[in-house]
2 protein chains.
Amino acid sequence: MKISAKGEYGIIALIDVANYYGGEPIQAKSIANRYNIPERFLEQIMTTLKKAGLVKSIRGSHGGYQLAKTPWEITLGDALKALDGDISPMYCVSENNKEQCSKERLCTIKDVWEEIRGCIQKTLSSITLKDMCNKKMEREMKAAHMYFI
Amino acid sequence: MKISAKGEYGIIALIDVANYYGGEPIQAKSIANRYNIPERFLEQIMTTLKKAGLVKSIRGSHGGYQLAKTPWEITLGDALKALDGDISPMYCVSENNKEQCSKERLCTIKDVWEEIRGCIQKTLSSITLKDMCNKKMEREMKAAHMYFI
DNA sequence: ATAATTCCTACCATTCCGATAGGGATTATA
DNA sequence: TATAATCCCTATCGGAATGGTAGGAATTAT
Ligand code: FES
Ligand code: FES
């Protein structure tokens with residue numbers, strides 16, 4: 001029941017990119033350095049985010065990443081779905097439901113997984129990158145010279 | 001973000017034991033057979049549940065397992081906490097918080113994990129074994145000759 | 001005595017995760 | 001046009017976790 005490092009790194013990166021929304025593209029290398037994320041690993045993560053349509057990339061020198069939508073159009077749910085594949089606690093209630101449990105029709109527990117998936121989904125899809133940026137800014141206003149994630 | 005097989009098997013077993021509440025102890029072997037769970041694996045799971053104080057065991061011939069509390073005193077939250085160790089989506093918001101994230105005090109994402117942990121916890125701790133038994137019974141009443149999990 | 005059970009400990013195979021690595025493609029700019 | 005800075009693609013790898021197996025000891029009813 002844990003969110004992967006990939007998921008966490010990806011969210012950190014996305015929030016960072018969102019912070020630069022409207023400006024110059026931001027490089028994977030820069031993000032990796034500032035948040036202490038392995039550089040080559042982050043590259044792969046950014047590719048994932050790109051394939052999911054959350055960021056767009058600019059290649060070549062002075063290249064980097066920018067949001068593919070506005071910060072208030074992208075939710076943490078979108079991010080985690082792209083990064084960890086899914087946010088359901090059990091395969092039988094996954095959105096891209098491939099694997100079924102054996103006794104699915106006779107299972108009374110499935111409802112529980114469904115409910116959990118629902119509340120996670122609801123929470124995550126209610127928080128946008130914009131929200132996260134705002135929170136970060138607020139905190140940095142109160143505590144001078146400190147950079148929040 | 002998936003619940004382990006151990007977690008699922010354990011919950012199935014617990015519900016089954018709860019179904020026999022007040023009667024004879026029920027054997028791991030019997031549970032394993034009926035729900036198609038590897039026998040020796042289930043033995044270990046039952047040990048986990050025992051150590052967590054959810055079931056008590058009776059050794060020797062005609063032995064087996066019984067609930068250590070009433071079915072309405074044990075929640076699915078108790079069960080999963082015992083089986084999967086924890087239900088938090090990130091170590092920094094775990095109840096038995098050992099590992100801390102590096103920049104914990106500067107992290108704005110932690111709040112999100114906290115919120116998710118909260119809603120999972122709330123859902124799981126609101127469902128008792130009694131609830132699950134009732135649901136099972138209701139469904140079996142409506143569909144004759146079918147045994148639900 | 002025997003059979004049925006739980007209990008304890010070790011082990012094993014596979015998968016997943018986090019990360020590293022090499023090298024190619026693209027682009028600004030000097 | 002050369003160079004440096006990027007992103008991009010693919011392969012690989014070590015370690016940890018997961019799911020399961022195994023042997024045999026301890027306990028108990030019959
Ligand atoms: S159907 Fe998936 S847990 Fe029962
Ligand atoms: S402190 Fe744990 S994710 Fe930020």
Side-chain angles (χ1 to χ4, degrees), chain A residues 1-13 17 20 24-33 35-52 54-68 80 83-86 89-91 99 101-102, chain B residues 1-13 17 20 24-33 35-52 54-68 80 83-86 89-91 94 98-99 101-102:
Chain A
M1 270 306 263
K2 291 280 179 291
I3 282 166
S4 68
K6 185 177 180 184
E8 192 191 351
Y9 292 162
I11 286 183
I12 291 174
V17 173
Y20 291 88
E24 296 292 297
I26 187 81
Q27 295 81 32
K29 189 175 185 175
S30 159
I31 301 175
N33 287 336
Y35 297 105
N36 209 29
I37 301 172
E39 198 175 320
R40 302 300 295 270
F41 192 22
L42 185 59
E43 275 185 28
Q44 298 177 64
I45 294 172
M46 296 311 292
T47 301
T48 305
L49 291 174
K50 186 189 173 184
K51 280 182 186 159
L54 301 184
V55 300
K56 58 190 173 189
S57 66
I58 297 167
R59 301 183 68 172
S61 186
H62 287 257
Y65 294 95
Q66 288 173 322
L67 284 196
L80 268 185
L83 292 161
D84 275 3
D86 195 11
M90 189 65 61
Y91 295 102
E99 315 182 36
C101 294
S102 50
Chain B
M1 270 308 263
K2 291 281 177 291
I3 282 166
S4 67
K6 186 178 180 184
E8 191 191 353
Y9 291 161
I11 286 183
I12 291 174
V17 173
Y20 291 89
E24 296 292 298
I26 187 82
Q27 295 80 34
K29 188 176 185 176
S30 159
I31 300 175
N33 286 337
Y35 298 105
N36 208 30
I37 301 172
E39 198 175 321
R40 302 299 297 271
F41 192 21
L42 185 59
E43 276 185 27
Q44 299 177 63
I45 293 172
M46 297 311 292
T47 302
T48 305
L49 291 173
K50 188 190 172 184
K51 280 182 185 158
L54 301 182
V55 300
K56 58 190 174 189
S57 66
I58 296 167
R59 301 182 66 173
S61 187
H62 288 259
Y65 293 93
Q66 288 173 323
L67 284 195
L80 268 186
L83 293 161
D84 275 3
D86 194 13
M90 188 64 62
Y91 293 102
S94 165
K98 298 159 197 165
E99 314 182 38
C101 294
S102 50

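Only this structure's heavy atoms are used, side chains among them; waters, hydrogens and symmetry mates stay out. The sequence lines fix the lettering, A, B, ..., with proteins before strands; numbering per chain opens at 1.
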Q.
Using a 4.0 Å heavy-atom cut-off, does B/Lys29 contact any base of the nucleic acid, only the sugar-phosphate backbone, or nothing at all?
A. nothing
Pairwise distance [atom1]([X]) to [atom2]([Y]) - rounded to 0.5 angstrom:
| X | Y | atom1 | atom2 | value |
| --- | --- | --- | --- | --- |
| B/Thr47 | B/Glu43 | OG1 | CD | 7.0 Å |
| A/Ser57 | A/Gln27 | OG | CD | 12.0 Å |
| B/Ile26 | B/Ile58 | CD1 | CD1 | 11.5 Å |

Q. Closest heavy-atom contact between A/Gly10 and A/Leu83?
A. CA-CD1, 3.7 Å
How close or far is atom [atom2] of [N] from atom [atom1] of [X], stated in whole angstroms?
| X | N | atom1 | atom2 | result |
| --- | --- | --- | --- | --- |
| B/Met46 | C/dC8 | CE | P | 14 Å |
| A/Gln27 | D/dC8 | CD | C1' | 16 Å |
| A/Ile12 | C/dG18 | CD1 | P | 13 Å |
| B/Asp84 | D/dT18 | CG | P | 8 Å |
| B/Ile45 | D/dG19 | CD1 | C1' | 9 Å |
| A/Glu24 | D/dA5 | CD | P | 17 Å |
| B/Lys2 | C/dC17 | NZ | C1' | 15 Å |
| B/Gln66 | C/dT6 | CD | P | 12 Å |

Q) How does protein reach along nucleotides 23-30 of chain C, written 5' to 3' as B (base within reach of a heavy atom under 4.0 Å), S (only sugar-phosphate), or - (no contact)? A) BBBBBS--
Q) Is the base of C/dT6 touched by the side chain of B/Gln44 through a donor-acceptor pair closer than 3.5 angstrom? A) no
Q. Between the main-chain N or O of A/Ser4 and the side-chain N or O of A/Asp84, is there a donor-acceptor pair closer than 3.5 Å?
A. yes
Q) Of the nucleotides C/dA19, D/dC9, D/dT6, which one has an atom closest to the side chain of A/Phe41? A) C/dA19
Q: Could you check which of D/dC9, C/dT6, C/dT20 has an atom nearest any side-chain atom of A/Pro38?
A: C/dT20
Q) Does D/dT6 have OP1 or OP2 sitting under 4.0 Å from an N or O in the side chain of A/Tyr65? A) no
Q. Is any side-chain nitrogen or oxygen of A/Lys50 closer than 4.0 Å to OP1 or OP2 of D/dC7?
A. no
Q: Tell me, with the steps shown, if B/Lys6 and B/Thr48 meet side chain to side chain contact (heavy atoms under 4.5 Å, CB included).
A: CA-CA 10 Å; B/Lys6 186 178 180 184; B/Thr48 305; 3.5 Å; yes
Q | Residue whose nearest DNA chain C nucleotide is more 5′ - B/Ile26 or A/Ile3 | A | B/Ile26
Q) side chain to side chain contact (heavy atoms under 4.5 Å, CB included) with A/Leu49: which of A/Val55, A/Val17, A/Ile11? A) A/Val55
